[in-house]
Amino acid sequence: MEITTLGKAGEPVNVEAEHTMAKRVAVIGAGVSGLSSIKCCLDEGLEPTCFERSDDIGGLWKFTESPEDGMTRVYRSLVTNVCKEMSCYSDFPFQEDYPNFMNQRQFWDYLHKFAQHFDLLKYIHFKTTVCSVTKHPEFSETGQWEVITETEGKQERAVFDAVMVCTGHFLSPRFPLESFPGIHKFKGQILHSQEYKIPEGFQDKRVLVIGLGNTGGDIAVELSRTAAQVLLSTRTGAWVISRSSYGGYPLNMMITRRFYTLIQRVLPSCFLMWIQERQMNRRLNHENYGLSITKGRKTKFVVNDELPTCILCGTVTMKNGVREFTETTAVFEDGTVEENIDVVIFTTGYTYSFPFLEEPLKSLCVKKMFLYKLVFPLNLERATLAIIGFLSTKGSILVGTELQARWATRVFKGLCEIPPSQKLMAEAIKKEQLIKRGVIKDTSEDKLDYIPYMDDLAASIGTKPSIPFLFLTDPRLAWEVFFGPCTSYQYRLVGPGKWEGARNAILTQWDRTLKPLKTRLLPEPPKSAPTLHTLKAWGTLVLFASLLLIYKSSVCLNLMPGKLRTEFSLS
């Protein structure tokens, strides 16, 4: 194939020419992470060129009836499990009339609005596959990369000053057939959740779904409406939580708060676990429903509002892990047998893959332990390659990837520094050895605590809000930042990339939350009647004053002479 050199807007360039203009950055993928990376490059005065192998933006959020070129896409019925205020770009809130939890079409529409608002589309080369990303011969001095791409059978080469890999988690399906003896004898249909799109075609069939995660729960619930029977197999169990909290407010907004994070740091982990289990089982006794987590397994949460009801109604049956298959039968670890299985759907996740990278960089990047703050590979002497979106947090991935991109572009410009690669690599190797010896546990694959990770990145950029300073200068805003939901707008209040609309976005976030719910107007209560909010406020003040008086009284009593204190107490 002919190989030419690609420049901005596809124009040939002299790869040996000295870079006197803005640094050129290759962005691989135009999904959630890729879009934010393009924008962050522009915000920092860098020159992005994005390569997207499909014909549109959105990554896995672009629905197609069948897998396109092996790309992972969402199924049609998918609904977000993080509410809109907790999962938007930090300077581009959702429209107030958007529902709090959106379907695929609504979220994809939001991504299009974001791209159009910031004029990102002109930087994207569609239907272009990245074939290889290799170090430039003078990498040790320049940190540059050679990128070979292919568009309609024609290959092109370009040199970039930095590369942002935004391909995410869902590139290669994990299909562990070797872990299921007899699966090759099975005569029914076998597929991975990547291939599942719509429930049509499963009518009156007995379906076995293997894997209890968000995807497994969603598919089991949807198929329970059309299939003759759905069996949901899990080896670990999970805590099943709802999208809504007490009072019907979005759960994410109620629990993702700085105040709670502070409490969690102070209280013992065993006590927190005990409280968590009590709260989880108060709504739903997980043991009765066959959902409780197997002893010794890691804690796992699944967001699903309908699964408990389906189990209660018998349309979904919980089963243990599969021990083996026969031609039409599944034998489970507890010895039970289910016959006449028509379809087996593996919702067993994905394996990490960066096929365009060269070894040993390719193997190292799939190990999160060897990525500094989950972004920069430790073995590179120049930090000009960033992995964006390769993370799993107890919160919105979109918000996390945006902050990663903001930090990475600052590093590319030399405005943020990272420790020497030799030091970081030595520390990672030492940690890996301790894990192999069983001295410490490997937590690299655990979900990250959302606020601590975000604050860590923000502190590196200089955008972490100072709570004490806010309480002194803007008490109303400080109250919302500390006691309210930790939304992405908080990281636009100060520092590089400061957004003038951040304060207002924080103070009006509950308005946008309640707006789509206010579709039926109700008569207002009489103004003379005290509201519950007022009563709560006064009650809090009275309680605080009472505690203060009790404290002062005890202090005064302790300061009295012994005899006088005794007489005072008796009186």
Side-chain angles (χ1 to χ4, degrees), residues 1-11 24-41 47-75 78 104 107-108 111-112 114-116 120-134 145-160 162-175 192-195 197 350-358 361-362 365-366 385-390 397-398 401 405:
M1 293 183 182
E2 179 186 1
I3 299 181
T4 60
T5 302
L6 179 68
K8 185 178 179 181
E11 298 177 358
R24 302 180 63 231
V25 181
V27 179
I28 305 176
V32 167
S33 305
L35 292 175
S36 59
S37 294
I38 297 171
K39 179 182 177 296
C40 290
C41 284
E47 185 181 306
T49 302
C50 179
F51 302 107
E52 169 57 45
R53 60 175 173 166
S54 71
D55 60 356
D56 206 343
I57 66 170
L60 61 87
W61 286 98
K62 175 68 170 71
F63 174 78
T64 55
E65 291 287 348
S66 59
E68 180 184 328
D69 298 328
M71 295 182 65
T72 302
R73 306 288 191 180
V74 297
Y75 35 94
L78 182 68
Q104 171 271 329
F107 191 84
W108 185 61
L111 296 179
H112 263 278
F114 175 78
Q116 291 166 2
L120 307 181
L121 296 177
K122 65 183 180 182
Y123 299 96
I124 305 174
H125 296 257
F126 292 107
K127 295 184 178 180
T128 302
T129 301
V130 175
C131 302
S132 68
V133 177
T134 57
W145 298 85
E146 290 188 356
V147 178
I148 295 179
T149 59
E150 182 175 321
T151 307
E152 298 179 351
K154 181 181 179 181
Q155 287 194 347
E156 296 173 323
R157 181 173 68 93
V159 175
F160 291 92
V163 176
M164 303 178 81
V165 179
C166 306
T167 52
H169 275 100
F170 309 101
L171 199 60
S172 304
R174 182 174 177 269
F175 226 149
H192 190 274
S193 56
Q194 184 196 48
E195 304 170 70
K197 300 299 174 184
Y350 297 80
T351 55
Y352 309 139
S353 175
F354 302 101
F356 41 79
L357 296 179
E358 58 184 344
L361 184 60
K362 179 193 293 188
C365 283
V366 300
L385 176 73
I387 312 296
I388 307 296
F390 189 48
I397 296 236
L398 180 149
T401 59

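Residue numbers count from 1 along this sequence.
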Distance-only side-chain donor-acceptor flag, Thr128 / Thr151, under 3.5 Å: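 Result is yes, a qualifying pair exists.
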Taking C-beta and beyond as the side chain, do [X] and [Y] meet within less than 4.5 Å on heavy atoms?
X	Y	value
His112	Ile57	yes
Phe114	Val32	no
Val147	Val130	yes
Cys41	Met164	yes
Val165	Leu385	yes
Thr149	Cys131	no
Glu156	Ile148	no

Are the charged groups of Glu146 and Arg157 less than 4.0 angstrom apart, N to O? yes
What pair of heavy atoms forms the shortest contact from [X] to [Y], and how long is it?
X	Y	result
Trp108	Asp56	CZ2-OD2, 3.0 Å
Trp145	Leu361	CH2-CD2, 3.8 Å
Lys197	Val74	NZ-O, 3.9 Å

From [atom1] ([X]) to [atom2] ([Y]), nearest 0.5 Å:
X	Y	atom1	atom2	answer
Cys166	Ile28	SG	CD1	8.0 Å
Leu35	Tyr123	CG	OH	13.5 Å
Phe126	Ile124	CZ	CD1	4.0 Å
Leu121	Glu52	CG	CD	11.5 Å
Ile388	Ser33	CD1	OG	7.5 Å
Trp61	Leu398	CH2	CG	10.0 Å

Could Arg174 and Tyr350 be counted as a cation-pi pair, given that NZ or CZ must be under 6.0 Å from the ring centre and within 45° of the axis? no
Backbone N or O of Val159 within a donor-acceptor pair of the Arg24 side chain at under 3.5 Å?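 Yes.
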Would you say NZ of Lys362 has more than 12 non-hydrogen atoms from neighbouring residues, nucleotides or ligands within 6.0 angstrom?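 Counting other residues, nucleotides and ligands, NZ of Lys362 exceeds 12 neighbours.
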Indicate, with yes or no, if the rings of Phe354 and Phe390 have centres closer together than 6.0 Å.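 Yes: the rings meet the under 6.0 Å criterion.
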